[in-house]
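Below is one structure; the comments refer to it alone.
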Amino acid sequence: MADNEEQALEQRLKSALWFSIGKIVDEETLKLGVNATPQFIGALTEMVWAQIENIGMDLKSFAKHAGRSTISTDDVMLLSRRNEGLETVLRSYMESAGIPKRKKR
């Protein structure tokens, strides 16, 4: 992909993320009876974007370390190892979706 196409795609993805986060913030502020500024939504969007980039790099590194070019559920579970709540939710989802547990080597 050309640099211009990559930048355009990144901008579209960030815009979609900003829109989604804005909707969530609007719903929550209505429930709480508070206001959120556009700057808050923008800052939250940038923080989430940075986290998504970090997670993507980690997952890519885990797969590469395992000698694979494709990210697997094992990589996602490895990423969740330090967040007990997230790991529990992911394991529950995997069980309900019928995704087999990884085999120990």
Side-chain angles (χ1 to χ4, degrees):
M1 212 182 301
D3 282 344
N4 288 341
E5 289 177 22
E6 285 184 31
Q7 289 175 348
L9 177 59
E10 183 175 315
Q11 280 308 116
R12 287 196 307 273
L13 290 171
K14 277 187 174 181
S15 293
L17 182 62
W18 182 86
F19 179 76
S20 296
I21 289 174
K23 285 177 62 174
I24 293 167
V25 168
D26 285 347
E27 290 172 11
E28 293 302 315
T29 55
L30 284 175
K31 287 180 196 173
L32 297 171
V34 297
N35 291 320
T37 65
Q39 292 82 5
F40 171 79
I41 295 170
L44 185 58
T45 300
E46 287 300 320
M47 184 179 69
V48 170
W49 183 262
Q51 189 69 20
I52 290 168
E53 286 183 320
N54 288 334
I55 288 170
M57 287 187 289
D58 287 347
L59 291 172
K60 187 176 176 181
S61 295
F62 294 159
K64 184 178 179 182
H65 180 74
R68 293 181 274 103
S69 60
T70 303
I71 294 168
S72 72
T73 54
D74 290 344
D75 303 317
V76 175
M77 294 310 297
L78 181 60
L79 184 70
S80 72
R81 72 192 182 282
R82 292 193 178 157
N83 185 331
E84 194 174 305
L86 177 60
E87 186 177 24
T88 301
V89 169
L90 290 173
R91 286 198 190 284
S92 175
Y93 173 77
M94 288 174 60
E95 288 173 12
S96 69
I99 299 170
K101 291 181 182 179
R102 80 180 164 136
K103 298 175 185 172
K104 298 203 178 196
R105 296 178 185 175

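Values below: every heavy atom of this structure, side chains too, minus hydrogens, waters and symmetry copies.
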Heavy-atom donor-acceptor pair, T37 side chain to F40 backbone, under 3.5 Å: yes
Where I21 and L44 come nearest, the two heavy atoms and their spacing: CG2-CD2, 3.7 Å
More than 12 heavy atoms of other groups within 6.0 Å of E53 CD: yes
Distance-minimising heavy-atom pair for M94 and P100: CE-O, 4.1 Å
Verdict with supporting geometry, K31 and E27, salt bridge (charged side-chain N to carboxylate O under 4.0 Å, His left out): CA-CA 6 Å; K31 287 180 196 173; E27 290 172 11; 5.6 Å; no
Neighbour count above 12 (heavy atom, 6.0 Å) for R81 CZ: yes
Connected via hydrophobic side-chain network under 4.5 Å: V48 and I55: no
Same apolar cluster (I L V M F W Y, side chains within < 4.5 Å links), L79/I99: yes
Atom pair CG/CZ of L86 and R91 - distance to nearest 0.5 Å: 10.5 Å
side-chain contact (heavy atoms from CB on, under 4.5 Å) assessment of D74 paired with L78: CA-CA 6 Å; D74 290 344; L78 181 60; over 6 Å; no
Interatomic distance, D26 atom CG to K23 atom NZ [nearest 0.5 angstrom]: 9.5 Å
W49 atom CH2, over 12 foreign heavy atoms within 6.0 Å: yes
Min side-chain heavy-atom separation L17-I52 under 4.5 Å: yes
Closest contact, heavy atoms only, A36 versus T29: CB-CG2, 3.8 Å
Salt-bridge present (K60, D75; N to O < 4.0 Å): no
Whether over 12 other heavy atoms sit under 6.0 Å from K14 NZ: yes
S15 side-chain N/O to Q11 backbone N/O, donor-acceptor pair under 3.5 Å: yes
I24-W18 co-clustered via ILVMFWY side chain contacts under 4.5 Å: no
